[in-house]
Amino acid sequence: MKKYWLIKSEPDSYSIDDLKKDKSTLWENIRNYRARNIMRDEMQPGDLVFFYHSMAKLTGIAGIGKVVQVGLPDDSALDKKSEYYDPKATKDKNPWVAPKIGFVSKFKQVVTLEQIKNNKKLSGMSLFRVPRLSVHPITKSEFEIIKNLGEK
DNA sequence: GCCAACGTTGGC
DNA sequence: GCCAACGTTGGC
């Protein structure tokens, strides 16, 4: 069954426009086990993801992507020059994985964090229960509500 | 830039 | 395995 996710990104480093331009990207550099477990164990090709802009002028959900491929190794953990280098990771035993995310659509308008907070139907979102996590599950109804807001 | 809330590290 | 100290996230 198709699932829905939300992934956070700082648009200064990678925005929905970058994804649109690239068509798809390897979602690397997540160094949090909880987020890793979701990406490794639960994401499936075909799942849809909300693209969330954090630390942005307009904080909120900026568009939709889809999971193209899962379980790819995150090689930046092996790169000593990378900011995300993990000395515990080796080529044979790299704990970090990355999904490949493809572009689907950019919202006509960003669904802001404020809008989400003010919508009672969205108050149960994982986003609010687990602060600071960069990958969240989204329910089908949450997905539909936010998609409609964004495409208005 | 502040700071709350969490995650991670490392000494014991 | 506990927990204090430190680091990170991310809204404001």
Side-chain angles (χ1 to χ4, degrees), chain A residues 3-22 25-43 47-67 70-101 103-139 141-143 145-152:
Chain A
K3 291 180 185 166
Y4 303 92
W5 309 101
L6 177 149
I7 57 177
K8 294 182 184 172
S9 183
E10 298 183 18
D12 286 346
S13 32
Y14 200 86
S15 73
I16 188 78
D17 290 317
D18 293 318
L19 183 61
K20 186 177 184 180
K21 178 161 55 69
D22 293 345
T25 190
L26 194 58
W27 204 253
E28 294 181 298
N29 303 332
I30 309 288
R31 294 291 175 272
N32 171 285
Y33 283 104
R34 193 159 175 181
R36 189 282 311 267
N37 291 345
I38 293 174
M39 295 194 300
R40 187 191 60 186
D41 304 333
E42 298 186 52
M43 272 189 185
D47 289 354
L48 293 174
V49 297
F50 278 144
F51 197 101
Y52 180 93
H53 281 174
S54 61
M55 311 290 277
K57 284 198 266 322
L58 213 55
T59 295
I61 295 167
I64 300 175
K66 66 166 181 289
V67 179
V70 289
L72 299 160
D74 183 344
D75 289 331
S76 68
L78 307 174
D79 179 2
K80 283 203 173 80
K81 290 192 288 290
S82 168
E83 193 186 336
Y84 301 95
Y85 174 65
D86 177 2
K88 293 193 293 292
T90 64
K91 201 162 185 3
D92 292 330
K93 243 191 152 181
N94 183 352
W96 304 111
V97 297
K100 193 173 180 186
I101 302 293
F103 176 78
V104 172
S105 66
K106 181 183 172 178
F107 283 164
K108 286 210 185 82
Q109 51 181 359
V110 173
V111 179
T112 63
L113 183 59
E114 197 181 1
Q115 274 179 281
I116 297 168
K117 276 184 179 163
N118 288 338
N119 189 322
K120 283 204 180 68
K121 286 184 189 140
L122 301 174
S123 62
M125 281 180 72
S126 171
L127 195 60
F128 303 122
R129 290 200 309 276
V130 193
R132 304 185 321 128
L133 189 65
S134 62
V135 181
H136 288 274
I138 299 282
T139 67
S141 70
E142 288 162 356
F143 187 87
I145 292 167
I146 292 169
K147 184 167 183 279
N148 286 336
L149 289 172
E151 291 178 348
K152 250 187 218 159

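Each chain gets a letter, A, B and so on, in the order the sequences are listed, and its residues count up from 1.
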TODO: Check every strand shown and say whether A/Y52 touches a base, only sugar-phosphate, or nothing at a heavy-atom separation below 4.0 Å.
DONE: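 Sugar-phosphate, backbone atoms only, no base.
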TODO: Return no unless some side-chain N or O of A/K8 is found under 4.0 Å from OP1 or OP2 of C/dG10.
DONE: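 Indeed, a polar side-chain atom of A/K8 lies that close.
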TODO: Answer yes or no: is there an ion pair linking A/D74 with A/R31, defined by an N-O contact shorter than 4.0 Å?
DONE: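 Answer for the salt bridge query: yes.
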Open item on the list: Closer than 4.0 angstrom, basic N to acidic O: yes or no for A/K66 and A/D47?
Closed with: no
Only pairs under 3.5 Å count here: list side-chain donor-acceptor contacts from residues 109-117 of chain A, not counting sequence neighbours, and write none if there are none.
unit_1: A/Q109; atom_1: NE2; unit_2: A/L149; atom_2: O; d: 3.4
unit_1: A/T112; atom_1: OG1; unit_2: A/Q115; atom_2: N; d: 3.1
unit_1: A/Q115; atom_1: OE1; unit_2: A/T112; atom_2: N; d: 3.0

Open item on the list: Near DNA chain C, counting only heavy atoms under 4.0 Å, which residues of residues 116-124 of chain A show up?
Closed with: A/K117
- [ ] For the residue pair A/F51 and A/I61, establish whether any side-chain heavy-atom pair is separated by less than 4.5 Å.
- [x] no
Task: Nearest-Å distance for atom pair CD/P, residues A/E114 and C/dC12 - done: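 Value for this atom pair: 8 Å.
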Task: Centroid-centroid under 6.0 Å between A/F50 and A/Y4 rings - done: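 Centroid distance A/F50-A/Y4: not below 6.0 Å, so no.
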Task: By side-chain hydrogen bond (donor to acceptor under 3.5 Å, both in side chains) - contacts of A/Y33 (at least two apart) - done: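 Checked A/Y33 against side-chain hydrogen bond (donor to acceptor under 3.5 Å, both in side chains); zero matches.
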- [ ] Go through the structure and list residues passing side-chain hydrogen bond (donor to acceptor under 3.5 Å, both in side chains) with A/D79, not counting sequence neighbours.
- [x]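 Residues passing side-chain hydrogen bond (donor to acceptor under 3.5 Å, both in side chains) with A/D79: none at all.
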For nucleotides 6-8 of chain B, tabulate all protein N/O to nucleotide N/O atom pairs closer than 3.5 Å, reporting atom names and distance.
unit_1: B/dC6; atom_1: O2; unit_2: A/R132; atom_2: NH1; d: 3.1
unit_1: B/dC6; atom_1: O2; unit_2: A/R132; atom_2: NH2; d: 2.6
unit_1: B/dG7; atom_1: O4'; unit_2: A/R132; atom_2: NH2; d: 3.4

Open item on the list: Checking A/V130 now: which residues fulfil side-chain contact (heavy atoms from CB on, under 4.5 Å) with it, not counting sequence neighbours?
Closed with: A/R34, A/S126, A/L133, A/H136
Open item on the list: From the set B/dT9, C/dG10, C/dC12, return the single nucleotide nearest to any side-chain atom of A/L113.
Closed with: C/dC12
